[in-house]
Amino acid sequence: MNKVTQNSFHRVYFIFGGLFILLTVGMLSFLLSGINVVKITFVRIIFIYALAVLMLSIFFVFILKSKVTIVMKTIDEIIDDAISGKDNKDIDYDETSISALESKMYHFVTISKSNTDAINKERNKIKSLISDISHQTKTPIANILLYSELLLDKSIINNDEKQLVKGIKVQSEKLKWLIQSLVKMSRLEVGIVSANKVLIPVFGTISNSVEQVFSSADKKKIQITVSCSEDIKAYHDSKWTSEALINIFENAIKYTHANGKINVTVKQYEIFTRIDISDTGIGIHENEFNNIFKRFYRSDRVSQYEGVGIGLYLTRKIISSQGGYIKVKSQINKGSVFSIFLPNTK
């Protein structure tokens, strides 16, 4: 690795400074020596002096640039070696400020690389832990639900006991949903899963989401209408985007009274495709617009409704991971509109 010391810079300064001083002193000595020079000779001397200074300056800049380039190349090599994991213990650092800069840069990049490795190791541990939690809880919850179904089918238990079994089943289903949501959230946060964006029609993604929540809407006699051209396309992951839309639909159904309406409209712009999901629900206070997308946030106004505050947090995570964004506008007791913007380009 090429090295440029601070002393080499000092030598350049001294040499070129000395040459400039000698050149200037020589010219002044010639002019003050009393030699009778005609006007044209005087102008020629000044011209030659200016030309010499210009050439000296150009040469000085060239030499200085070459040394700075070597220093930058050295730092660049240090960064590349640190990133690739190569140990540069053979580098000889002296006490000059340039070597100190190179040394600090090397140690900084090495520490950064070490921190990145530690983060990746921790991420792998979290990934393994999440997989274990998902696997270990899946079977017990499934068994509890199965036993509940079997008990409800039996005629040997009375009505009171059936109510208790139904309670066990309902709570087990809630626990199952909560664990699944937490696993999804954790996987998104640590980057275990990522959206696979492709240019596909958004109509199919919306239709799949509506199908998943149709029975819940039908129980409350809530009408869902979709206004979307089948030709409108956007870059998105259909599976994860459906997950995000389902979370919004479920909230709309939950917070909308019976016989309400949910409307879905889609518009395509030059950069984004916009999906508006509007409802006739209870609405959201304006000062809560940012809070509703926070993890585990629950407004005091919805404490009587079931939920833990994960759905919208997951929705924003999913949409932002695809290069999109989400916003909301709402009026109390008049309804809310959630607008999802999906990119039209990768």
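Checking Thr241 against Gln322 by side-chain atom types alone, a donor-acceptor pair falls below 3.5 Å. Using a 3.5 Å distance cut-off with no hydrogens or angles, the side chains of Thr225 and Asn263 do pair a donor with an acceptor. Remark: the His236 side chain and the Thr205 side chain contain an N/O donor-acceptor pair separated by less than 3.5 Å.
Shown here is Phe214, whose CZ atom has no more than 12 heavy atoms of other residues, nucleotides or ligands within 6.0 Å. Annotation: Lys334, atom NZ; neighbour count of heavy atoms from other residues, nucleotides and ligands within 6.0 Å does not exceed 12. Other residues, nucleotides and ligands place more than 12 heavy atoms under 6.0 Å from the OH atom of Tyr325. For Asn287, the CG atom counts as densely surrounded, since its 6.0 Å shell holds more than 12 non-hydrogen atoms of other residues, nucleotides or ligands. No more than 12 heavy atoms of other residues, nucleotides or ligands shown are found within 6.0 angstrom of CD on Glu270.
The distance from atom CD1 of Ile206 to atom CZ of Phe249, rounded to the nearest 0.5 Å, is 7.0 Å. Distance check: Asn333 CG to Thr280 OG1 gives 11.0 Å after rounding to the nearest 0.5 Å. Rounded to the nearest 0.5 Å, atoms CG (Leu312) and CG (Asn247) are 7.0 Å apart. In this structure, CG on Asp279 lies 10.0 Å from CD1 on Ile253, to the nearest 0.5 angstrom. From Glu250, atom CD reaches atom CD of Gln212 across 9.0 Å, with rounding to the nearest 0.5 Å. How far CG of Asn259 is from NZ of Lys261: 10.5 Å, rounded to the nearest 0.5 Å.
Looking at heavy atoms from C-beta onward, Glu288 lies in side-chain contact with Tyr297 at the 4.5 angstrom threshold. The side-chain heavy atoms of Asp276 and Phe338, taken from C-beta on, include no pair separated by under 4.5 Å. Side-chain contact between Tyr269 and Arg274: present, with at least one pair of heavy atoms (C-beta onward) separated by less than 4.5 Å.
Both Ile340 and Ile224 are assigned to one and the same hydrophobic cluster, defined by single-linkage of ILVMFWY side chains at heavy-atom distances under 4.5 Å.
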